[in-house]
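Below you'll find the structure, written out as structure tokens, and then a few comments.
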Amino acid sequence: MNDKVRKPSAEPLLWEMGARGRLAFSLPERDVPEHPLDPALAGEGPDFPDLSEPEIVRHYTRLSQWNMAVDTTMYPLGSCTMKYNPKTNDRQAALPGIAGAHPLLPPPLSQGLLRLMFELEQFLAAITGLPAVTLQPAAGAQGELTGMLIFHAYHGDQGRRRTKILIPDTAHGTNPASATLCGFTAVAVPSGPDGILEPEAVARRMDADTAGIMVTNPNTLGLFESHIREVADIVHAKGGLVYADGANMNAVMGQVDMGAMGVDVLHLNLHKTFSTPHGGGGPGAGPVCVSAALAPYLPVPRVVLTADGFTWSDDFPRTIGRLHAFYGNFGILVRAYSYILSLGADLTRISPLAVLNANYIRAGLRNHYHLPYDRPCMHECVFSDKHQQAHKVTALDIAKRLIDFGFHPPTIYFPLVVPGALMIEPTETETKETLDRFIAAMQAIAAEAVEDPERLRQAPLHAHRRRLDEVQAARKPCLTG
Amino acid sequence: MRFLPHTEADIDAMLAAVGCKDLAALFDDIPADCRPAQPLHLPPGLSEWALNRHMENLAAETATGPGYDIFLGAGSYDHYIPETVQQLLRRGELATAYTPYQPEVSQGTLQAIYEYQTLTARLLGMEAANASVYDGASALAEALLMAVRITKRRLVAISRAIHPHYRHVVATYLRPTGLDIIELPYGPDGRTDLNPLDDAREPAAVAVQSPNFFGCIEDLAAAAEAAHGDPATLLVAAFTEPLAFGLYPSPGALGADIVCGEGQSLGIARSFGGPGLGMFACRNAHLRAMPGRLVGKTVDADGRRGFVLTLATREQHIRRERATSNICTNQGLCATAAAMYMASLGGTGIRALARLNYDKAGYLQTALRNAGVALPFSAPVFNEFVMQLPPGSEAVYRRLLERRIVAGLPLAPFYPELADHYLLCVTETTDKAALDRLVAEVSS
Amino acid sequence: MKDIEELQFPDDVRYSKDHEWARPEGDLFVVGISDYAQDQLGDIVFVELPETGRELQQNEEFGSVESVKAVSELFAPLAGTVMEVNGALDDAPEKVNQEPYSDGWMMKIKPADKADFEALMDRDAYLAMLKG
């Protein structure tokens, strides 16, 4: 038997299966007559394959088995906070009165849902220390855009158009891209030798043409920006605003007050800190929390409480407008609300345990991998492949080999300031035993890099697919079948 | 707390390994001036049972079928979602994975998205579709920004018969860019009046929606001809109800250059408006100007078929401030749901289901007209249309609400000239008895 | 990535600090990227080139080359007018990897001032910069 035949074969594509006339859908009974249709207006209908229900179920079940996921293994993708996603949250979001709710119901017919949004806003305000909240942005990047639109509108009201924005070199790529959409030119601020922002570096660049600064805190090196208060004072003194990317909020919930830190605008990623499933790349949600002074700029409509109960209001003349067809990714908001209610006061235990887990990995691997900033970290630790490069083994090879040990790889080659970065974020939901296994796997890989580097370069050896040819995919794009 | 596995013994052992005396010491880097003045105070956590009760109480306040007859569409549609779609989507391997950056262990997500891209391109009559954006409204804003990038022009023309919320989102996205927007009015038949285009100077794009906000099928071929009178101008065709393309020709077949809209109809719950699915498709010539993620087919080191994220150099994590969009996370699981739904219907099923929607709306139109209710717009429709009630209709609307009928969406808040006009939607989930009840109530 | 000794640096072209090269061809100059640049970039998957007729300043960005996970801007080694671009790279960007000084050329430019060319680095100066 040919070796290739024995390996798992490709799952057919949908249109490689089925037969014309099959149906996997229960069509409702027709209780009205056909209505006349001008044949000149009718189309041919799409060229979809016809499949039966068992074919659909088996196809997607098989596909699902080729994924690694939080439900199958530790998924320490740095900056993505791949924590356990409680099943109860999905149950709540699927309740008929939630999943079946039409967004344009008159408010008296959707009071419970408005209350949920109102209370979630209050929870997020309490957690961040910023008093006003919009739940509308559909993802972190849209939250950033919301923040930049607020910057733009605020400076417009001050009668001064500002053209630049400061962004540390450790920032997520979405930061400069979001700022550019609002006409701001990104000015890079290099981090200091200890991996954090130096107030002098900000002071040198901050001027009256600069709208403010976008800071991720803790930053993407997993370090707390301990000069943040001073940085904020420098920016505010020149009339600028401080934006905080809250992607890494899982490190500091209950530990910091963003308002006290001098932050004016902050976005949260509910799919990170608040445990909503990542869905293979969304949907997420990116609520934005702002200071009282910036509350008038929040998107509309906003939930307000009146004598008659909750209702929608568009009556905010300084609003930046609207970001979403309706109110954002409500189903995700429900899950985050359910998560907060489940944890309650235990919410403040998350960050200490997330930080403990990251430091435990740091301690377990610091003698095996280069640690460019060798100091205690927050929720994630960033190593590099510097030691392994002597054996021509790269961060990519290490990541791929980790798959053979049953773990999802960490984030690699980010942040850009660390060449060959391996960014590991375990989250608080991993057990000590799992972390011990992960550390042992990483140590074994470090040893292999010396003894058998070729094995790493060939990895993964035990995944559904070996390394894929990304060059061919990009040179001759084939995006549809 | 059941999500947090650490025992006291674990914590002690780990603190010792880390070299910290207690958990609080882990935060020594945080200066005092960044700390909360008061500890965060939250109520005690709820047990799973108590949480269920609380959530059921909140949800019970919502009006939904079968207790209510809800004739609302306007960008969010009540279509039956097969149990298979709902159950398969809950598989943790799909739901709890992330962006497939590591293709060797993400082939499930990648193949599912590749299939979604393919079915979407076929449905919309286009050459390429991305892995989705947030929703129909931001898809339209992204499409217009894409047209501006391609043409390097500063003006876009937008039909006033596009969903008002979508136009609001477009205005929000475009405000800081200084781009100009002109609005094309709608004519007496409910369709976009293209004549003002004759005076528009070099628009980057002409955007229309079909079926439009009033449910009317636009003459997309005429819109394409009007837009392409200037060869550089792109026709952007938006939609909120993709099921219509099971009956009517696809926007691509009629000459659209970029097609974008909301895919909630395709197997995704209404969920009070989100998460939905921003569907986005274009012609190959414009592929590199398209925002959002793309999955492509390739082979692995053994020559076996596989899938990867590709053309990533357009995206923010590589091109940063010069990216085609700031979008990062998309609506992956919703795209997967839409693919499951499209595959469940198949070509045969989508034609039948679309026709049933059309026939039900047609039945209600005929019945209302026979009962003397005015239907002001004459253009053909799919599953939505506008009815006009006599002045003072608010009382009628309220009376129907008391009888548990939501008689469509009042249009006056969106179009001041359309007082007493209501947008009605009928899908396959509305039975004939409910249609007859509505007719009886509004004409009594 | 290769060692500098393994790379080709012909002496009939001159080099810019941004790793472009230029070679005289009649009244025009042919422009491409050096073997060092293509090696650093890795497998090139797409080349974006300017429209013919465009006026370029010296060191102005005229296009970009993309590998799977990186984009690098291209900078004009000398000022002038773009007369022709290498359309073959649309379908075969790998030519830049394979033959950076011949089939992998990018554009032909009519110089505004031929002195720009003389100011570029010769092979030895460029090698000295690379070994810096």
Side-chain angles (χ1 to χ4, degrees), chain A residues 24-25 31-32 35 43 45-46 48 50 60 63-64 66-71 92 95 97 99-101 103 109 111-112 138-139 141 152 173 176-178 180 182 224 254 257 261 277-283 321-322 325-326 329-331 344 346 352 355 359 431-432 463 465-466 473 478 480, chain B residues 1 5 10 18 23 26 29 34 36 40 45 55 58-59 61-64 88 91-93 95-99 104-105 107-109 118 123 134 137 168 172 176 249 269 271-275 296-298 300-301 306 310 316-317 320-321 323 326 329 332-333 344 346-347 351 359 362-363 432:
Chain A
F25 188 88
D31 56 3
V32 297
H35 187 68
F48 286 173
D50 284 355
Y60 283 103
L63 285 186
S64 75
W66 297 344
N67 270 1
M68 272 189 178
V70 174
D71 277 5
Q92 313 309 344
L95 287 170
L109 300 186
Q111 283 296 296
H152 187 270
S178 302
T180 302
C182 293
F224 190 80
D257 179 317
M261 266 165 57
H278 282 66
R322 180 187 266 278
F326 297 108
N329 284 343
F330 183 77
D346 277 339
V355 172
N359 277 287
T431 63
K432 177 173 176 296
R465 283 288 177 269
R466 294 185 57 202
C478 174
T480 55
Chain B
M1 204 299 137
D10 290 339
V18 166
L23 288 174
L26 293 166
D29 277 351
C34 295
L40 176 59
M55 297 299 292
L58 286 181
E61 295 180 37
T62 311
T64 57
L88 289 167
R91 287 193 69 95
E93 302 94 322
T96 73
Y98 199 20
T99 305
E104 299 85 353
V105 288
Q107 284 300 304
T109 293
T118 300
L123 180 68
Y134 305 132
H168 196 178
T172 304
S271 279
F272 211 39
K297 188 171 79 167
T298 187
D300 80 350
T310 193
Q316 48 76 26
H317 63 281
R320 297 174 80 85
E321 63 268 24
N326 73 332
T329 292
L333 200 63
S344 297
R351 286 170 180 78
D359 291 337
Y363 174 83
K432 179 171 172 292

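Convention: sequence-line order gives letters A, B, ...; per-chain numbering from 1.
The backbone N or O of G112(A) sits less than 3.5 Å from a side-chain atom of E61(B), completing a donor-acceptor pair. A donor-acceptor contact shorter than 3.5 Å links the side chain of D31(A) to the backbone of K432(B). D50(A) places a side-chain N or O within 3.5 Å of a backbone atom of G347(B) that can act as its donor or acceptor partner. Put simply, the side chain of D359(B) gets close to the backbone of H35(A): a donor and an acceptor are under 3.5 Å apart. With hydrogens and angles disregarded, a donor-acceptor distance shorter than 3.5 Å links the side chain of T172(B) to the backbone of R322(A).
Scanning both residues, V32(A) and Y363(B), for their nearest heavy atoms gives CG1-CG, 3.7 Å. In plain terms, the two heavy atoms of T64(B) and G100(A) that are nearest each other are CG2-O, 3.5 Å. A269(B) and A99(A) get closest at one heavy-atom pair: CB-O, 3.4 Å. Between G321(A) and H168(B) the shortest heavy-atom distance is CA-NE2, 3.6 Å. Looking at every heavy atom in both residues, D300(B) comes nearest to R466(A) through OD2-N, 3.0 Å. When all heavy atoms of F326(A) and F272(B) are compared, the closest pair comes out as CB-O, 4.4 Å.
For the pair L123(B)/F48(A), a side-chain contact is recorded, criterion being any heavy-atom separation below 4.5 Å from C-beta on.
Annotation: maximal heavy-atom pairing with chain A below 4.5 Å, among G332(B), G346(B), S271(B), A323(B), occurs at S271(B). Of the residues considered (A139(A), G331(A), P283(A)), P283(A) shows the highest number of contacts with chain B, using heavy-atom pairs under 4.5 Å. With chain B as the partner, the residue from G43(A), G281(A), C182(A), A141(A) showing the most heavy-atom pairs under 4.5 Å is G281(A). In terms of heavy-atom pairs under 4.5 Å with chain A, the best-connected choice from G273(B), G296(B), A137(B) is G273(B). If you tally non-hydrogen atom pairs under 4.5 Å between each of L333(B), T96(B), T62(B), L58(B) and chain A, the highest count goes to T96(B). Per-residue counts of heavy-atom pairs under 4.5 Å with chain B were compared for A177(A), P277(A), A138(A); the largest is that of A177(A). Your options are L63(A), N67(A), D71(A), and the one with the most heavy-atom pairs under 4.5 Å with chain B is N67(A).
Interface residue T310(B): only side-chain heavy atoms are found under 4.5 Å from chain A.
To the nearest 0.5 Å, the span separating OG on S344(B) from CZ on F25(A) amounts to 8.0 Å.
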